[in-house]
Peer 1: 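My questions will all concern the structure given below.
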Amino acid sequence: ILQNYNTSYHDLEITSLSAANQEFRCENIQSIDADKSGNLWIGTKNGNIMVYNNHDNTFRDFTQNCGMIGEAILDIVTDNNDHVWISTNKRITEFNPKNGASTNYTPSDGMVVNSFLKHAFHKNSSSGKIFFGGNRGLCSFTPSERLTQQPKESQVFITDIKINNE
């Protein structure tokens, strides 16, 4: 349910959005956060990322743009650079909606947590740091504007082949 409340006139407008609405293709909402433009970033238990544009009342599916592959979304938080941070059970994804760049952070990057927990996050409003908690402690991220483009695909070149050390 999406509720709009006009405080100057004390009017309450309630709009229901569900799978029955054509534009809204997800249920089981786990997390919602607003970016600086007022767009609502919505994460679902099914692993979908939807963005609700509050100005024109439309939805856009960002699931593939964010690199989600069916993992349940635990939490979503936007940083001071308008990057979107998404936690799933096994990873944290940083997504830059301005250029489509994203990066994943997992235990192979040196994080002590290998299983994140729902509602175990905090954004420090003064420093901008974002914290995510899980089974082995806490991970802290200091957002920056460095996520400027998608990594380019690497080309592999075979320069030498040896068989039996020959």
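In what follows, every heavy atom counts, from backbone to side chain, and hydrogens, waters and symmetry copies are set aside.
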Peer 1: With rounding to the nearest 0.5 Å, note down the distance linking CG in Asn54 to OG in Ser37.
Peer 2: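 Asn54 CG to Ser37 OG: 11.0 Å, rounded to 0.5 Å.
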
Peer 1: So, using side-chain contact (heavy atoms from CB on, under 4.5 Å) as the criterion, who are the partners of Leu117 when residues are at least two apart?
Peer 2: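 With neighbours one apart ignored, the set is Ala120.
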
Peer 1: Going through the distances and angles, do Tyr105 and Glu94 end up as a side chain to side chain contact (heavy atoms under 4.5 Å, CB included)?
Peer 2: CA-CA 8 Å; Tyr105 302 99; Glu94 178 186 7; 2.9 Å; yes

Peer 1: Tell me if a side-chain donor or acceptor on Asn81 pairs with a main-chain N or O of His83 at a distance below 3.5 Å.
Peer 2: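 No; zero donor-acceptor contacts below 3.5 Å.
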
Peer 1: Could you walk me through whether Arg91 and Ile86 pass the side chain to side chain contact (heavy atoms under 4.5 Å, CB included) test, one step at a time?
Peer 2: CA-CA 8 Å; Arg91 65 183 166 137; Ile86 304 159; over 6 Å; no

Peer 1: Answer with yes or no after comparing the ring centroid distance for Phe95 and Trp85 against a 6.0 Å cut-off, counting only values under it.
Peer 2: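 Ring centroids of Phe95 and Trp85 are no less than 6.0 Å from each other.
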
Peer 1: Just by modelled atom types, is the Gly100 backbone N or O under 3.5 Å from a matching donor or acceptor in the Asn96 side chain?
Peer 2: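 It does not hold such a pair.
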
Peer 1: Output the distance between atom CE (Met111) and atom CD1 (Ile92), rounded to the nearest 0.5 Å.
Peer 2: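 So the CE of Met111 and the CD1 of Ile92 are separated by 6.0 Å.
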
Peer 1: Check whether Phe121 and Val112 end up in the same hydrophobic cluster, where Ile, Leu, Val, Met, Phe, Trp and Tyr are linked by side-chain heavy atoms less than 4.5 Å apart.
Peer 2: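 Hydrophobic grouping puts Phe121 with Val112.
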
Peer 1: For a 4.5 angstrom cut-off between non-hydrogen side-chain atoms, does Ile76 reach Val84?
Peer 2: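 Yes, side chains in contact.
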
Peer 1: Tell me if the CG atom of Asn164 is crowded by more than 12 foreign heavy atoms within 6.0 Å.
Peer 2: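 No - once you tally the heavy atoms of other residues, nucleotides and ligands closer than 6.0 Å, there are 12 at most.
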
Peer 1: Does the side-chain hydrogen bond (donor to acceptor under 3.5 Å, both in side chains) test come out yes or no for Thr63 and Asp61, once each step is laid out?
Peer 2: CA-CA 6 Å; Thr63 305; Asp61 188 342; 2.5 Å; yes

Peer 1: Just by distance, do the side chain of His55 and the backbone of Gly38 share a donor-acceptor pair under 3.5 Å?
Peer 2: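 Checked: no pair found.
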
Peer 1: Taking side-chain hydrogen bond (donor to acceptor under 3.5 Å, both in side chains) as the test, write out the residues that go with Gln30, two or more places apart.
Peer 2: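 For Gln30 there are no side-chain hydrogen bond (donor to acceptor under 3.5 Å, both in side chains) partners, ignoring immediate neighbours.
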
Peer 1: Identify the two heavy atoms, one from Thr88 and one from Phe116, that lie closest to each other, and give their separation to 0.1 Å.
Peer 2: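 Looking at all heavy atoms of both residues, the shortest contact is O-CB, 3.4 Å.
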
Peer 1: How many angstroms lie between atom CG of Asp75 and atom OG of Ser87, to the nearest 0.5 angstrom?
Peer 2: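 One gets 4.0 Å once the value is rounded to the nearest 0.5 Å.
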
Peer 1: Anything under 3.5 Å between a donor and an acceptor, one on a side chain of residues 130-143, the other on a protein residue two or more places apart or in another chain? List them.
Peer 2:
from: Asn135; atom 1: OD1; to: Asn114; atom 2: N; distance (Å): 3.2
from: Asn135; atom 1: OD1; to: Ser115; atom 2: N; distance (Å): 3.2
from: Asn135; atom 1: ND2; to: Asn114; atom 2: OD1; distance (Å): 2.6

Peer 1: Show the nearest heavy-atom pair for residues Thr58 and Asp56, with the distance to one decimal.
Peer 2: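 It is OG1-OD1, 2.7 Å.
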
Peer 1: Check step by step if side chain to side chain contact (heavy atoms under 4.5 Å, CB included) holds for Lys90 and Glu71.
Peer 2: CA-CA 9 Å; Lys90 300 290 182 197; Glu71 296 175 71; 4.1 Å; yes

Peer 1: Should Val51 and Val77 be regarded as members of a common hydrophobic cluster, given that ILVMFWY residues are connected when their side-chain heavy atoms come within less than 4.5 Å of each other, either directly or indirectly?
Peer 2: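 Val51 and Val77: separate clusters.
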
Peer 1: Is there a side-chain contact between Met50 and Tyr52 (heavy atoms, below 4.5 Å)?
Peer 2: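 Side chain of Met50 against side chain of Tyr52, heavy atoms only: no contact under 4.5 Å found.
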
Peer 1: Is the backbone of Asn124 close enough, under 3.5 Å, to the side chain of Lys129 for a donor and an acceptor to pair up by distance?
Peer 2: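 No, Lys129 side chain to Asn124 backbone: no donor-acceptor pair under 3.5 Å.
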
Peer 1: Looking at Asn46 and Gly70, would you say the former's side chain and the latter's main chain have a donor-acceptor pair under 3.5 Å?
Peer 2: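 Side chain of Asn46 to backbone of Gly70: no pair is present.
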
Peer 1: Kindly write out the residues that satisfy side-chain hydrogen bond (donor to acceptor under 3.5 Å, both in side chains) with Thr78, not counting sequence neighbours, or none if the list is empty.
Peer 2: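 Scan of Thr78 (side-chain hydrogen bond (donor to acceptor under 3.5 Å, both in side chains), adjacent residues dropped) gives Asp33.
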
Peer 1: Do Ser31 and Trp41 have side-chain heavy atoms sitting under 4.5 Å apart?
Peer 2: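 Heavy-atom side-chain distance check fails, nothing below 4.5 Å.
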
Peer 1: Among Ile42, Thr93, Ile73, whose side chain to side chain contact (heavy atoms under 4.5 Å, CB included) with Ile49 holds?
Peer 2: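 So, applying the side chain to side chain contact (heavy atoms under 4.5 Å, CB included) to Ile49 and each of Ile42, Thr93, Ile73, only Ile73 qualifies.
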
Peer 1: Checking Asp79 now: which residues fulfil salt bridge (Lys or Arg N to Asp or Glu O under 4.0 Å) with it, not counting sequence neighbours?
Peer 2: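 Salt bridge (Lys or Arg N to Asp or Glu O under 4.0 Å) list for Asp79, sorted by chain: empty.
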
Peer 1: Does Asn80 have any side-chain hydrogen bond (donor to acceptor under 3.5 Å, both in side chains) partners at least two apart in sequence or in another chain, and if so, which?
Peer 2: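 Result, side-chain hydrogen bond (donor to acceptor under 3.5 Å, both in side chains) vs Asn80: Lys123.
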
